[in-house]
Amino acid sequence: MTRLSSEIVVPVISELDLYDRELIQKTGKNLRQIAAVSVGTAEAEIAKPVSSISTAVIPITAGGGVIDGFAPAVRAIISHLGFNSFVTRHNDVAGLAEGVEKGVDVVFLSDDKRFIALNLKERFIADNAESTGRGFATALKLMADNLTGRKVLVIGAGKVGRSAMFRLKEYNADIAVYDIVRPKAQKAAEDFGAEVEEDLGDALRHNPLIFDASPAQGVLRAVDITPSTLIAACGMPLILDAGAYKLVKERLIHDPLQIGVATMLFSAVFCC
Ligand SMILES: NC(=O)c1ccc[n+]([C@@H]2O[C@H](COP(=O)([O-])OP(=O)(O)OC[C@H]3O[C@@H](n4cnc5c(N)ncnc54)[C@H](O)[C@@H]3O)[C@@H](O)[C@H]2O)c1
């Protein structure tokens, strides 16, 4: 996974209301509703956990170290969804102890390899890569209205891409997959009944529904965008160049943290 930076995560905190409005315009649902749909939760079911569940975000210094603003951004997303949340005063093991001693139900913690939400009572882990694939697949489905029998091109068959493919299959989509490492695309094809694309340019020409789960930057150009193009792009950085972005920004779902964290939260709370 691409390591995030303060420049990317800090603006998330002040832009959550704006992002909700953008999501409603594009999908008909806000962040909380997208996450709830992703984990199959009805709006009414959410009310109880909101008032009773508390969460802590623990800064972790391992690996590349704490990204300034990351833990506050995660906390802000959780609070925006209506749940109690705080960033622990201490880092690492002391932070975990602090969270448990304060009686929290779910802790969020991330190093360079994994970002998880751990439901302490239920011993359930919600993984960010899995949740991001799941949440963005749901956002694409909502934006497209219905994916049944429609082909989605998934770019990147790593952790997020494979989670997305699993969900897209549940939404009855057909899947075409492209990965710069061909055996990864082939493995995904076997596992998800997908069709392997050999050439990204060709694949983009005949697949207007796109799910990007790769770290590729600027490889999608204006020439690849048609009036029916819809894109869910969780890959970091953004796969679009400036020309393509201008053409498709009203039909593009892209964020660095929000949908993944929201889906992790509901996944951890409802253990699913
Ligand atoms: N927006 C979010 O909330 C969020 C959350 C998690 C991960 N991400 C991002 O999503 C992307 C995927 O994450 P992951 O954990 O699945 O990573 P991963 O390393 O497991 O998988 C990435 C896949 O993309 C493939 N790839 C690399 N360059 C490519 C290219 N030019 N064209 C096609 N395929 C290419 C790799 O071979 C690999 O299979 C990363 O950019 C990561 O930073 C975003």
Side-chain angles (χ1 to χ4, degrees), residues 1-5 7-9 11-12 15-16 19 22-23 31 34-35 38 63-64 67 69-70 73-74 76-78 108 110-117 126-140 152-168 175-192 194 196-204 207 210-221 224 231-241 244 252-267:
M1 94 184 150
T2 312
R3 191 174 152 82
L4 294 172
S5 64
E7 291 70 35
I8 291 172
V9 293
V12 165
E15 291 172 4
L16 284 163
Y19 192 45
E22 182 189 327
L23 288 173
L31 186 60
I34 290 172
S38 298
I67 299 166
F70 180 82
V74 173
I77 295 166
I78 299 167
F108 282 71
S110 175
D111 63 14
D112 294 346
K113 290 200 174 136
R114 276 193 91 175
F115 176 20
I116 62 167
D127 179 87
N128 176 259
E130 198 275 329
S131 297
T132 300
R134 188 179 193 174
F136 274 83
T138 301
L140 182 64
V152 178
L153 170 64
V154 177
I155 305 171
K159 296 177 288 299
V160 175
R162 290 181 59 86
S163 163
M165 287 185 254
F166 183 83
R167 298 295 157 186
L168 291 167
I175 298 168
V177 57
Y178 173 80
D179 195 294
I180 204 164
V181 180
R182 199 166 182 278
K184 292 186 110 178
Q186 272 164 337
K187 176 80 173 83
E190 283 161 26
D191 293 345
F192 303 106
V196 175
E197 295 284 358
E198 308 285 345
D199 180 275
L200 184 58
D202 270 359
L204 291 167
N207 291 297
I210 299 166
F211 191 109
D212 175 50
S214 79
Q217 180 172 24
V219 302
L220 235 129
R221 295 161 302 140
D224 301 314
I231 305 177
C234 53
M236 294 294 294
L238 185 61
I239 191 166
L240 306 167
D241 74 6
L252 165 72
I253 307 282
H254 173 70
D255 74 53
L257 208 55
Q258 297 89 312
I259 289 177
V261 168
T263 307
M264 279 170 91
L265 175 67
F266 284 112
S267 173

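Counting starts at 1 for both ligands and their atoms, following the listed order.
Val219 is not listed as a side-chain neighbour of Asp241, based on a closest heavy-atom distance of 4.5 Å or more.
The heavy atom nearest to atom 24 (O) of ligand 1, considering only Gly156, Ala129, Ser131, is found in Gly156. Among Gly260, Pro256, Ala213, the residue whose heavy atom lies nearest to atom 2 (C) of ligand 1 is Pro256. Of all the listed residues (Ile259, Thr132, Asp255), Asp255 holds the heavy atom that lies closest to atom 1 (N) of ligand 1.
Checked by atom type and distance alone, the side chain of Asp179 never pairs as donor or acceptor with a backbone atom of Arg182 at under 3.5 Å. At distances below 3.5 Å, not a single donor-acceptor pair connects side-chain atoms of Asp224 with backbone N or O atoms of Leu204. Distance alone, capped at 3.5 Å, is enough to place a donor-acceptor pair between the Asp255 side chain and the Ile259 backbone.
The Leu257 neighbourhood of ligand 1 comprises atoms 3 (O), with distances under 4.0 Å to a heavy atom of that residue. Less than 4.0 angstrom separates some heavy atom of Ala216 from each of these atoms of ligand 1: 30 (C), 31 (N). Counting the atoms of ligand 1 from 1 in the order shown, those under 4.0 Å from a heavy atom of Ile155 are 33 (C). Here is the list of ligand 1 atoms found below 4.0 Å of a heavy atom in Ala157: 39 (O). Those atoms of ligand 1 that come under 4.0 Å of a heavy atom in Asn128, given as number and element, are 5 (C), 6 (C).
At least one N or O atom of Val160, backbone or side chain, sits closer than 3.5 Å to an N or O atom of ligand 1.
Closest of all the heavy-atom pairs between Arg134 and Ser267 is NH1-OG, 3.6 Å.
In Pro215, the parts holding a heavy atom less than 4.0 Å from any atom of ligand 1 are both the side chain and the backbone. Contacts with ligand 1 closer than 4.0 Å are made by heavy atoms of both the backbone and the side chain of Lys159. Looking at Val219 against ligand 1, nothing comes within 4.0 Å, counting heavy atoms. The proximity of Cys234 to ligand 1, defined as any non-hydrogen pair under 4.0 Å, involves the side chain as well as the backbone.
Thr138 and Ser38 form a side-chain donor-acceptor contact under 3.5 Å, judged by distance and modelled atom types alone.
For Ser214, the closest heavy-atom approach to ligand 1 falls below 4.0 Å.
A salt bridge is absent between Arg162 and Glu130; no separation between the charged side-chain nitrogens and carboxylate oxygens falls under 4.0 Å.
Annotation: Phe70 is in aromatic contact with Phe115 [ring centroid separation under 6.0 Å].
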